[in-house]
Protein chains: 2
Amino acid sequence: MSQFNVNEFMPYLLYQAAEASGLEFQEVYKRRYGMLRTEWRVLFHLGGNGAMTASQIGALANLHKTKISRAVQKLSDRRFLIRRRDTSDRRSEQLSLTPAGQAVYADLIQVAQSYDQVLLSDLTPHEAQVLRRTLHKLCSKDMPRFT
Amino acid sequence: MSQFNVNEFMPYLLYQAAEASGLEFQEVYKRRYGMLRTEWRVLFHLGGNGAMTASQIGALANLHKTKISRAVQKLSDRRFLIRRRDTSDRRSEQLSLTPAGQAVYADLIQVAQSYDQVLLSDLTPHEAQVLRRTLHKLCSKDMPRFT
DNA sequence: GCTTGTTAGTTACAAAAACAACTATTACAG
DNA sequence: CTGTAATAGTTGTTTTTGTAACTAACAAGC
């Protein structure tokens, strides 16, 4: 029937690699701070970009507003971020990390950087470069609809 | 504080690429056959390897036994696979696709192949090759524990 | 002003995944 | 044999996620 091999199917392979590489990092933010995936993502975006609104984060991180809403709620409960209602548009609010949140961010980027180093240590600089480039291409790629 | 950029953090980038590339394919197996991720995976492994036990699939696909159990249940309900109790060890059963299941498999690998083609169409052959190689490396990499 | 439409974000409910405890069977030590 | 441990797989319960419906605020046309 086929010479098809699932393990070479790109979405499958990507998912496996993502899961394998994300597992240990998940352990860290989960155990240390009781955070969920969406939460560390929101935290990282805020940490890297300063104050943002929920929808800005959503657009940047490709996250649905409900996910963000809940993540923000939890981060706020834990005093990792503060919400400041926008005076010019009171529907939205500016989110920014508290000092505590910044400390968490600082801690986690340390871990993340060590992570990346370990992950890339098996790759040549050229491989790492091509990997990055191709992944970015795949991210921005919009697929045709197979209806 | 940092020149750290989440978008370049490998687990994050991998996950984004995996999600972006998997979305459209998910649409297909979901709409056409009402299947879940674990289900198409199990189906694909069976389609590619012939009869296997649940634990063999689990080992191969890095899936937890409970996930597989439920996926097998559903595939069996839909008559896409049959379970045959192993005579020598009655704890386990050999799973294999029915003709109907093979038809679904045949259909989906078509889609998968088109998919891969589209995904890789933006990459040079060399990029595609490096991408594959590096992803495999990342999959088999075991990370040190950051306890 | 007042309707209609849009955007920001929340909440409620349904679907799916993760985790733990369980049954049935086999393996093996004594 | 018999008791203990290990393996295959299932079931039950809790978390997380996904989806849809909702409220509040703004925007624009009339």
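For clarity, every value in this text was computed on a predicted model and none was experimentally measured. The figures here come from the full heavy-atom set of this structure, side chains too, leaving out hydrogens, waters and symmetry mates.
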Roughly how many Å is it from CG in A/Asp89 to P in D/dA27, rounded to a whole number? 7 Å
Shortest side-chain distance from B/Arg70, nucleotide among D/dT10, C/dA18, C/dT25: C/dA18
Can you tell me how far apart CD1 (B/Ile57) and CE (B/Met52) are? Round to the nearest 0.5 Å. 5.5 Å
Report which part of the nucleic acid B/Gln73 touches: base, sugar-phosphate, or nothing (heavy-atom distance under 4.0 Å, all strands). nothing
Send over the distance from B/Ile57 CD1 to D/dT7 P, rounded to a whole Å. 19 Å
At under 4.0 Å between heavy atoms, what does A/Thr66 touch on the DNA or RNA strands: base, sugar-phosphate, or nothing? base
When you check the gap from the basic side-chain N to the acidic O, do A/Arg84 and A/Glu93 get nearer than 4.0 Å? no
The nucleotide from C/dT25, D/dT10, C/dT7 with an atom nearest the side chain of B/Arg91 is C/dT25
NE2 of B/His64 versus C1' of D/dT16: gap in Å, rounded? 17 Å
Relative to each other, are the rings of B/Tyr15 and A/Tyr15 parallel, tilted or perpendicular (30° and 60° limits)? tilted
B/Lys67 NZ to D/dA8 C1': how many Å, rounded? 19 Å
Any chance CZ of B/Arg133 has more than 12 other-residue heavy atoms, nucleotides or ligands included, within less than 6.0 Å? yes
Would you kindly give the NZ-to-P distance between B/Lys65 and D/dT11, to the nearest whole Å? 13 Å
Could you tell me whether the phosphate oxygens of D/dA8, OP1 or OP2, come under 4.0 Å of any side-chain nitrogen or oxygen in B/Ser92? no
Contact under 4.0 Å: A/Ser55 side-chain N or O vs C/dG9 OP1/OP2: yes
In whole angstroms, the gap separating P of C/dA17 from NZ of A/Lys30 amounts to 16 Å
State yes or no: are the ring centers of A/Tyr12 and B/Phe44 separated by less than 6.0 Å? no
Take the protein atom CZ of B/Arg37 and the nucleotide atom P of D/dT16, then report the distance between them rounded to whole Å. 17 Å
Whole angstroms only, please: what is the CZ-P distance between B/Arg85 and C/dT23? 17 Å
Quick check: on DNA chain D, is the nucleotide nearest A/Leu36 upstream (toward 5') of the one nearest A/Arg90, or the reverse? Name the residue that is more 5'. A/Leu36
